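Here's the structure we're looking at; comments come further down.
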Amino acid sequence: MDHKRDIFSSRRAAIFAMAGSAIGLGNIWRFPYMVGEHGGAAFILVYLFATVFLSLPIFLSESIIGRRTHLGPYGAMAKLAPGTPWKHVGLLTICSAMIIISFYSVVGGWSVDYLFKAIRLEFLPERSEQVSSMFGSMISNTWLPILCHTAFLGLTAVIVVLGVRKGIERFSKISMPVLFVLIVAIMCYSLSLPGAGEGVAYLVKPDFSRLDASAVASAMGQSFFSLSLGVGTILTYSSHIRKSENLITSGLGTSLFDLLFAILAGFAVMPAVFAAGIEPGAGPGLIFETLPYIFSSMGAQMPVLSSVIAILFFLTILIAALTSSISMLETGVTYLVEEKGLRRRTAVIILFGVTWALGCLCSLSFGPLSGVKLFGKTIFEFCDSLTSDFLMTLGGLLFTLFVGWKMSRADVRDELTSGGLYPANAKIFKFTYFLIRYVAPVVIGVVFVTNLLM
Ligand code: TRP
């Protein structure tokens, strides 16, 4: 294996790339809704707890394994636990990432289509009535969504071919600040709409009576999903972090950016939803039906501004989705390059082919293949729930078990303090190790089994 491995040029570059992976559709279409549904600020508190006590231990476990070996999930586990089946765990997580990118890029494709719709000024006031139904007819179409999925996956592939430093790092360095500027601009517009206050209240009013078991489970699931955990992506990115970097800082930095973006997205989306007098929902309907409807109905008073905001909004979604999809593809590419000795370009082409084909099936499952059901779900729903409800949790559980029980305590300590470079990390080592070894696996294990039985 004579490949040369890139290293992120700075701590900031590593955090931007990992934040790019974390910030995605989950922040825009799920977080705002969940917050409102489950008790506003009260939910955010639980979310914070879940992030610190469960997600961060998984995040750190992935970082430790990746940075220790400077290898992807398969190679890292094979090296740290030679002759054991652990490497297959690595391979399983890589497969999960490949399934996620297949359906994720279908949605990425929709955002390409909607960006063009916004540019072509299709969300005009006289069309308000048709705007919401546009979505259903677009996704059930055979060719257009496949074309857009191809374009989105193609863009992803181009960035990944360029490599970690020239492609991923460079793209994230530009796109992260741009994303924050865009979401703040949209938020200002949204907050200025008449009736926006109700949307703000929906997000912030703490209602502890709504914090039931399902709220807690949702907070955990959302936190895992949002931080891209359990599929070896954070592991792969961490394998490009310098030995002298502080892993705890990059974990905390990434989580903070992710949370901040989710909250900004909440204030960008919900006030507009309430201003238009619509019931908030989650998922694709929220961003592809509700918001275009809002842009078009607002267009009556402010045609130019609302067209500009519509374009910016779909651009934001597209960029956010791209920075996530490149991290998924990179996870698979790392495996083929490192373990199979393929050239980067060849690896990208092969994985493009595989995920494109699975993505096409997911895309068609809204139209011609809508009758094909696996366990009562369409192909798209099946891939989504297989990964979000099952494989991501399993992956997270196995990563914490590996670091907590398979690796030696001395190695974990060495990695977490970067060879003793960070004395402050040594002080909180006991606590962190306790979270990785006991708290996280037990709680995640319970969640996993519950999901399995329900
Ligand atoms: N975190 C991404 C988002 O919020 C989605 C995601 C889930 C993801 N799992 C991932 C991204 C794995 C990259 C890798 O939209």
Side-chain angles (χ1 to χ4, degrees), residues 16-35 47 50-51 55 58-59 62-63 66 72-73 92-108 110-111 152-153 156 159-160 168 171-172 175-176 179 183 218-239 251 254-255 257-266 269 282-284 286-287 316-335 351 355 383-396 399:
F16 275 18
M18 292 201 284
S21 170
I23 295 172
L25 297 165
N27 301 57
I28 302 173
W29 84 22
R30 269 174 82 194
F31 185 82
Y33 172 79
M34 284 204 173
V35 172
Y47 183 86
T51 302
S55 298
I58 308 179
F59 197 108
E62 290 202 33
S63 294
L92 175 78
T93 62
I94 297 167
C95 295
S96 316
M98 295 305 100
I99 301 176
I100 300 180
I101 190 177
S102 306
F103 70 84
Y104 203 85
S105 84
V106 171
V107 183
W110 299 343
S111 68
F152 180 85
L153 203 56
T156 307
I159 301 169
V160 174
I168 296 174
F171 185 69
S172 324
S175 61
M176 278 300 111
L179 272 184
I183 202 77
S218 306
M220 289 194 282
Q222 174 64 14
S223 178
F224 292 173
F225 185 82
S226 196
L227 284 171
S228 312
L229 296 174
V231 300
T233 297
I234 295 301
L235 191 160
T236 304
Y237 271 14
S238 300
S239 72
T254 306
S255 321
F257 274 136
D258 186 53
L259 177 68
L260 182 64
F261 191 89
I263 292 177
L264 291 173
V269 172
L286 180 66
I287 54 179
T316 309
I317 293 182
L318 175 60
I319 299 175
L322 262 180
T323 51
S324 298
S325 66
I326 55 179
S327 71
M328 300 178 216
L329 189 59
E330 176 63 27
T331 308
V333 167
T334 301
Y335 170 72
L351 291 176
T355 54
C383 290
D384 179 12
S385 113
L386 175 68
T387 47
S388 312
D389 302 337
F390 186 74
L391 292 175
M392 290 181 83
T393 326
L394 179 64
F399 284 136

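Each residue takes its place number in the sequence, starting with 1. Counting convention: from 1, in listed order, for ligands and their atoms alike. A quick note: this is a predicted structure, and the numbers were derived from the prediction, not measured.
The protein atom (non-hydrogen) at minimum distance from atom 9 (N) of ligand 1 is M392 CE, 3.3 Å. With hydrogens left out, the protein atom closest to atom 12 (C) of ligand 1 is V231 CG2, 3.4 Å, a heavy atom. Annotation: atom 8 (C) of ligand 1 to nearest protein heavy atom, S228 OG, 3.4 Å. In this structure, atom 7 (C) of ligand 1 lies nearest to the protein heavy atom F225 O, 3.4 Å.
Not a single heavy atom of R30 sits less than 4.0 Å from an atom of ligand 1.
Between the side chain of T323 and the main chain of G20, a donor-acceptor pair closer than 3.5 Å is present.
No donor-acceptor contact under 3.5 angstrom links the side chains of T387 and S96, judged on distance only. A donor atom on one side chain and an acceptor atom on the other are found under 3.5 Å apart for T51 and S223.
Tested against T156 for a side-chain hydrogen bond (donor to acceptor under 3.5 Å, both in side chains), the candidates S105, S324, S325 yield a single pass: S325.
Residues satisfying the ring-ring contact (aromatic ring centres under 6.0 Å, His included) test with F224, not counting sequence neighbours, are none. Remark: Y47 pairs with F31 by the ring-ring contact (aromatic ring centres under 6.0 Å, His included) rule, at least two apart or across chains.
For the pair V160 and L351, the minimum side-chain heavy-atom distance is 4.5 Å or more. Looking at heavy atoms from C-beta onward, L322 lies in side-chain contact with F171 at the 4.5 angstrom threshold.
For ligand 1, the polar-atom distance check finds an N/O of L25 within less than 3.5 Å of one of the ligand's N/O atoms. Between I100 and ligand 1, no N or O atom pair is found at a separation short of 3.5 Å. Residue T233 has no nitrogen or oxygen atom sitting less than 3.5 Å from a nitrogen or oxygen atom of ligand 1, judged on distance alone. Checking only distances, Y104 does come within under 3.5 Å of ligand 1, N or O to N or O.
Per-residue contacts place M328 under 4.0 angstrom from the following atoms of ligand 1 (heavy atoms of the residue considered): 8 (C), 11 (C), 13 (C), 14 (C). Of all atoms in ligand 1, listed by their number and element, those nearer than 4.0 Å to a heavy atom of S21 are 1 (N), 2 (C), 11 (C), 13 (C).
Of the listed options S96, S327, A22, A97, A22 places a heavy atom closest to atom 3 (C) of ligand 1.
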